[in-house]
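See structure below.
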Amino acid sequence: MIYYKYRSLDNLKFLIDIFMNNRLYAAPYTSMNDPMEGHYFQRSGRLSSEFKSALKGEKDACGIVSLSEIPDNTLMWAHYANGHNGIAIGVEIDSNLYDIRPIEYDGLSQLTQRFENEPAEAAKRVLSHKLEVWDYEKEHRVFVQYEKFVNVKIKEVVFGRRVEPEERKFFEKLFTKLSHDGIQFKTEQRT
């Protein structure tokens, strides 16, 4: 499956790193743009303070690469690709090496005492649930522990419809020179 990372073209250093090293940065959950990220509901019973502390530690140890399953969402282009002036990088990720989970847009995760013995799994559960308002992202998350990057195979680059032709030529040439594999170049579809 190809997943998409929407990016601005503004930060050349980060773009070069992605294409030269075939990797994406795994961010801490605290840097995500959803203010409810990492929050959860406690259902029946009481969660011990030891568990809450372990859960916080596990969430803090997680690195997350947020990706979309779609390359053509107008809101994603507007929010994450500099108002259609950026790119969507289509990547493949080895699911045998990485824990990839689709986001469930059913509200905040609900934890019960049955998670007390599994703080690592509880952390991923909490970080895999979002409010329905974010559903348009069609997000999948790659989770890593104590790592800063996820290795990817770059398959395609979709240019936003507002990228100027000369700028596109420059970036196509740059990405081709940096990439280890052939990349297919496309233009954002009008939706």
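With respect to the salt-bridge test (charged N to carboxylate O, under 4.0 angstrom), the residues Lys169 and Glu166 qualify. A salt bridge links Lys130 to Glu139: at least one charged side-chain nitrogen sits closer than 4.0 Å to a carboxylate oxygen. Using a 4.0 Å cut-off between charged nitrogen and carboxylate oxygen, Lys56 and Asp60 count as a salt-bridge pair.
Contact of the Glu37 side chain with the Leu127 side chain is registered, since non-hydrogen atoms from C-beta on lie closer than 4.5 Å. Within the 4.5 Å cutoff, side-chain heavy atoms of Glu156 are placed close to those of Ile2. Here the side chains of Asn82 and Leu9 are not in contact, with every heavy-atom distance at 4.5 Å or above. Considering only heavy atoms from C-beta on, Ile18 comes within 4.5 Å of Ile154 through its side chain. The side-chain heavy atoms of Gln184 and Lys155, taken from C-beta on, include no pair separated by under 4.5 Å. A heavy-atom distance below 4.5 Å is not found between the side chains of Val152 and Ile89. In this structure, the side chains of Tyr29 and Val126 stay at 4.5 Å or more apart for every pair of heavy atoms. Looking at heavy atoms from C-beta onward, Phe159 lies in side-chain contact with Glu172 at the 4.5 angstrom threshold.
Here CZ of Arg162 is found 9.0 Å from CD of Glu188. Values are rounded to the nearest 0.5 Å. Annotation: the span from Thr187 atom OG1 to Arg168 atom CZ amounts to 3.5 Å, rounded to 0.5 Å. Remark: Leu55 CG to Ser48 OG distance equals 10.0 Å, nearest 0.5 Å. Separating the CG atom in Leu108 from the CZ atom in Phe41 is a distance of 4.5 Å, to the nearest 0.5 Å. Considering CZ of Phe175 and CD1 of Ile16, their distance stands at 9.0 Å, rounded to 0.5 Å. To the nearest 0.5 angstrom, Leu47 atom CG is 6.0 Å from Lys52 atom NZ.
Centroid-to-centroid, the aromatic rings of Tyr105 and Trp134 stay 6.0 Å apart or farther.
Shown here for Gly107 and His129, the closest heavy-atom pair between the two residues is O-CB, 3.3 Å. Between Leu111 and Tyr40, the closest heavy-atom pair is CD1-CD1, 3.6 Å. Here the closest heavy-atom approach between residue Ile70 and residue Lys138 is recorded as CD1-CG, 3.8 Å. Among all heavy-atom pairs drawn from Tyr6 and Pro71, the shortest one is OH-C, 3.1 Å. Nearest heavy-atom pair across Phe171 and Leu15 is CE2-CD1, 4.0 Å. In terms of heavy atoms, Asn151 sits closest to Tyr98 at N-OH, 3.0 Å.
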- Query: Between Gln145 and Glu58, is a side chain to side chain contact (heavy atoms under 4.5 Å, CB included) present by the stated rule, with each step listed?
  - Reply: CA-CA 8 Å; Gln145 296 267 189; Glu58 291 293 338; 3.4 Å; yes
- Message: Between Met1 and His140, does the side chain to side chain contact (heavy atoms under 4.5 Å, CB included) criterion hold? Intermediate values first, please.
- Response: CA-CA 11 Å; Met1 177 171 186; His140 293 251; 4.2 Å; yes
- Can you check side chain to side chain contact (heavy atoms under 4.5 Å, CB included) on Leu12 and Leu174, steps first, answer last? CA-CA 10 Å; Leu12 199 54; Leu174 177 66; 3.9 Å; yes
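Both Phe170 and Val157 sit in one connected hydrophobic cluster of ILVMFWY residues. Membership requires side-chain heavy atoms under 4.5 Å apart, directly or through other members. Residue Leu67 is not grouped with residue Ile64 when hydrophobic side chains (ILVMFWY) are merged at heavy-atom distances under 4.5 angstrom, including chains of intermediate members. Taking hydrophobic clusters as Ile, Leu, Val, Met, Phe, Trp and Tyr residues chained together by side-chain heavy-atom distances below 4.5 Å, Val65 does not share a cluster with Ile103. Residue Val163 is not grouped with residue Tyr80 when hydrophobic side chains (ILVMFWY) are merged at heavy-atom distances under 4.5 angstrom, including chains of intermediate members.
Enclosure of atom CZ in Phe185 by more than 12 non-hydrogen atoms of other residues, nucleotides or ligands within 6.0 angstrom is indicated.
Side chain to side chain, Asn73 and Tyr4 fail the donor-acceptor criterion of an N or O pair below 3.5 Å.
Looking only at distances, no side-chain donor or acceptor of Ser179 sits under 3.5 Å from a matching main-chain atom of Phe19. Of the possible polar contacts, none joining the Lys124 side chain to the Phe143 backbone as a donor-acceptor pair under 3.5 Å is found. Between the Ser53 side chain and the Ser49 main chain, no donor and acceptor come within less than 3.5 Å of each other.
Using cut-offs of 30° and 60° on the angle between ring planes, the pair Phe149 and Tyr25 is perpendicular.
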